[in-house]
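Heads up, the thing below is written out as structure tokens.
Values below: every heavy atom of this structure, side chains too, minus hydrogens, waters and symmetry copies.
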Amino acid sequence: MAELPHTGNEGAVGEFFILGLTSNGKQFRPSDWAERLCGVMSCFRPEGSGGRHAHLQFSPYVHPTVIDGVKAVVVNNALKKAEPLAYHFVVNFAKDNDLQVVDACFVELPGVPKV
């Protein structure tokens with residue numbers, strides 16, 4: 001099965017982004033691709049989460065966002081442990097469509113006190 005193109009770290013924690021840009025910088029179509037992908041993945045969630053209307057919500061593992069005006073999907077690496085086939089589906093979707101994949105990075109803002 002495929003690994004992320006940028007890492008082979010099996011025990012990775014955190015998140016990564018699938019950007020709506022191909023490797024040569026072209027915008028990926030259709031324009032609602034992120035919502036469609038996240039809709040397909042909406043049933044994959046931690047046990048006991050979501051409640052009565054869980055089927056109407058995006059999964060906490062895979063959800064759409066916008067980064068610098070570009071549609072993107074945030075993928076939590078916890079999905080790999082919870083549902084390995086779903087994780088590989090998302091990774092292969094990015095690879096098959098030549099989409100850019102970027103590790104999420106949390107940077108402290110200057111002047112913000114440490115917690």
Side-chain angles (χ1 to χ4, degrees):
M1 299 235 171
E3 290 300 322
L4 286 175
H6 60 284
T7 181
N9 189 353
E10 288 292 318
V13 294
E15 300 172 328
F16 63 91
F17 302 111
I18 300 174
L19 301 178
L21 298 173
T22 61
S23 63
N24 61 5
K26 292 185 180 180
Q27 186 174 2
F28 183 64
R29 295 282 183 205
S31 60
D32 66 344
W33 72 271
E35 291 82 3
R36 289 182 185 199
L37 177 60
C38 293
V40 168
M41 301 302 294
S42 65
C43 62
F44 299 104
R45 57 183 58 253
E47 187 146 343
S49 70
R52 182 174 158 190
H53 298 289
H55 65 286
L56 300 174
Q57 301 169 357
F58 290 123
S59 169
Y61 295 131
V62 183
H63 55 86
T65 191
V66 176
I67 301 172
D68 290 333
V70 176
K71 287 204 174 194
V73 171
V74 181
V75 181
N76 189 313
N77 285 318
L79 178 63
K80 186 173 187 177
K81 183 176 182 183
E83 293 289 342
L85 292 177
Y87 175 85
H88 289 292
F89 173 81
V90 173
V91 170
N92 287 327
F93 175 86
K95 289 173 75 175
D96 291 346
N97 291 291
D98 195 29
L99 297 176
Q100 296 179 22
V101 178
V102 181
D103 275 325
C105 176
F106 297 100
V107 179
E108 292 181 28
L109 297 174
V112 175
K114 294 181 182 179
V115 178

Decide side-chain contact (heavy atoms from CB on, under 4.5 Å) for Phe89 and Met41; before the verdict, give the C-alpha distance in whole Å, the side-chain angles of both, and the deciding distance to 0.1 Å. CA-CA 9 Å; Phe89 173 81; Met41 301 302 294; 3.8 Å; yes
Test side-chain contact (heavy atoms from CB on, under 4.5 Å) applied to Tyr87 and Asn77, step by step: CA-CA 8 Å; Tyr87 175 85; Asn77 285 318; 3.8 Å; yes
Starting from the C-alpha separation in whole Å, work towards a yes-or-no answer on side-chain contact (heavy atoms from CB on, under 4.5 Å) for Phe44 and Leu85. CA-CA 11 Å; Phe44 299 104; Leu85 292 177; over 6 Å; no
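Contact annotation: the side chain of Pro60 never approaches that of Asn76 to less than 4.5 Å [non-hydrogen atoms, C-beta and beyond]. Considering only heavy atoms from C-beta on, Val73 stays 4.5 Å or farther from Phe58 through its side chain.
For residues 22-34, every residue pair satisfying the salt bridge (Lys or Arg N to Asp or Glu O under 4.0 Å) rule, not counting sequence neighbours, is listed here: Asp32-Arg36.
Side chain of Lys71 to backbone of Trp33: no donor-acceptor contact under 3.5 angstrom is found. With Asn97 contributing its side chain and Leu99 its backbone, the two residues share no donor-acceptor pair below 3.5 Å.
Nearest heavy-atom pair, Val70 versus Gly20, reported as atom, atom and distance to 0.1 Å: CG1-N, 3.7 Å. The two residues Ala34 and Pro64 have their closest heavy-atom pair at CB-CB, 4.1 Å.
With rounding to the nearest 0.5 Å, the separation of NZ in Lys81 from OH in Tyr61 is 10.0 Å. Distance check, rounded to the nearest 0.5 Å: OG1 of Thr65 to CD1 of Ile18 gives 13.0 Å.
Checking Asp98 against Thr22 by side-chain atom types alone, no donor-acceptor pair falls below 3.5 Å.
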